[in-house]
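First the structure, in the form of structure tokens, and then the observations on it.
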Amino acid sequence: MLVLGIETTCDETAASVVEDGKKILSNIIFSQVHLHKKFGGVFPEIASRSHIDKMIPVIEEALKEARVNLEEIDLIAVASQPGLIGSILIGLNTAKALSFALDKPYIGINHVEAHLYAAMMGEKNLIFPALGVVISGGHTMLLKILEIGRYEKIGTTIDDAIGESFDKVASILDLGYPGGPEVEKLAKTGVSTRYNFKAGVTKKNPFDFSFSGLKTKVLYTVKGQSAKKHFSTIIKSEDKKHIAASFQRCAFEDVIKKSILAIDEFDMKAIYLGGGVTNNRTLRGMFDNKNLPIPLFWPEKDLSLDNGAMIAGLGYHKFKKTFKSDAFDLLAQTSIANF
Ligand code: KG4
Ligand code: ZN
């Protein structure tokens, strides 16, 4: 079954053709990073307008690279939530129009769930129950994966997402946008134990996360107590690398500690990790150093950040479970609640 996957939830316009949920025939990603850089974050209106410009060329390229005609596509899978509503509507309406014109079904896919599926795409045999770890710009979640499409939420962030905190720390340190890769790069040259930062303690649920206090501690360290983001720094510029390294270690130790706790508590047989932060090689190394007794699965190249392949791949499985969207729905019915 050939599935066309469409992704426009944030600042990537992406399309991909995937066969039977696994074989990636093409994976085209147009990143808007250069358009948003000067604002230090995603500017929603600019994002929507760029999706309009790029949607059709990106789909055409995905079909061309896959050597597939539009008429040969069996299903259109589109990321329908969560994300920027103006951006989502571009991909969603494109999927609906294609569905209507080609008389082919379409399905709405949860972007966060697709991030988890990205780590499963390269695997022949999936192992369940497994711990799902979503670490992205918008989400930080631990889930029990019973099978594809059946999950139990274990913990989530009560304030900032981990990727968001990387972006904010990068901004405090005057690094570029998106911040995650810049923090990782700078952290490589720093001493990660120089600053004793701590992730937030969550009272209700030991598996929840809190990164807001950690980010504020970095702000106070760099700009002084009661500082605002635009205040001048009170640290030496060579301290920046130690701050980046210490922040990164602290954030990742928190994710790893809670993941290990969840494996024991819920008797997990494997870990699947997804989301933009899984791009970070230091994190992968830190997990490896733990020598966990169960296998860890990471998204392969080009599947960590937002992409259409993970949407097409998951779309195949959801469709096979007879989950369908009506071409005239305003938004498809998938939601984080039933995901
Ligand atoms: O999954 P993603 O593309 O978008 C969402 O679904 O939110 O994740 C983007 C996030 C950004 O916050 C970015 O700074 C972070 O992933 N990120 C990283 C790295 N590469 C991207 N964070 C830490 N280290 C990286 N190498
Ligand atoms: Zn994403």
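Whatever order the structure lists them in is the order used to number ligands and atoms, beginning at 1. From a predicted model like this one, the values you see are computed outputs, not experimental measurements. Values below: all heavy atoms of this structure, side chains included; hydrogens, waters and symmetry mates excluded.
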I need the atoms of ligand 1 closer than 4.0 Å to a non-hydrogen atom of [X], numbered in the order shown.
| X | result |
| --- | --- |
| L305 | 3 (O), 21 (C) |
| H111 | 6 (O) |
| F166 | 23 (C) |
| E184 | 25 (C), 26 (N) |

N/O donor to acceptor pairs below 3.5 angstrom from side-chain atoms of residues 37-47, sequence neighbours left out:
unit_1, atom_1, unit_2, atom_2, d
K37, NZ, Y177, O, 2.9
E45, OE2, R49, NE, 2.6
E45, OE2, R49, NH2, 3.0

* Asked: Within a radius of less than 6.0 Å around NZ of K217, do more than 12 heavy atoms belonging to other residues, nucleotides or ligands occur?
  -> no
* To do: Could you tell me whether L146 atom CG has more than 12 heavy atoms of other residues or ligands within 6.0 Å of it?
  => yes
* Asked: Near the Zn ion (ligand 2), which protein N/O/S atoms are found at less than 2.8 Å?
  -> H111 NE2, H115 NE2, D306 OD1
* Heavy atoms only: give me the nearest S246-Y195 pair and the separation to one decimal. => OG-N, 3.2 Å
Quick one: nearest non-hydrogen protein atom to [atom], plus distance?
| atom | value |
| --- | --- |
| atom 24 (N) of ligand 1 | N280 ND2, 3.0 Å |
| atom 21 (C) of ligand 1 | G276 O, 3.4 Å |
| atom 15 (C) of ligand 1 | V277 CG2, 4.0 Å |
| atom 4 (O) of ligand 1 | D306 OD1, 3.4 Å |
| atom 10 (C) of ligand 1 | G137 N, 3.4 Å |

* To do: Look only at interatomic distance and state if G163 has a nitrogen or oxygen under 3.5 Å from any nitrogen or oxygen of ligand 1.
  => yes
* Asked: Do ligand 1 and G275 have nitrogen or oxygen atoms that lie under 3.5 Å from each other?
  -> no
Under a 4.0 Å heavy-atom limit, does [X] contact ligand 1 with its side chain, its backbone, both, or neither?
| X | result |
| --- | --- |
| D167 | side chain |
| R281 | neither |
| H115 | side chain |

* How are the rings of F211 and F209 set relative to one another: parallel (under 30°), tilted (30 to 60°) or perpendicular (over 60°)? -> parallel
* Polar side chain donor-acceptor pair, H51 to T8, under 3.5 angstrom -> no
* **Exam field: side chain N205 to backbone I154, donor-acceptor pair closer than 3.5 Å** => yes
* Does Q248 reach ligand 1, in the sense of a heavy atom lying below 4.0 Å from it? -> no
* Applying a strict 4.0 Å limit to heavy atoms, is C10 in contact with ligand 1? -> no
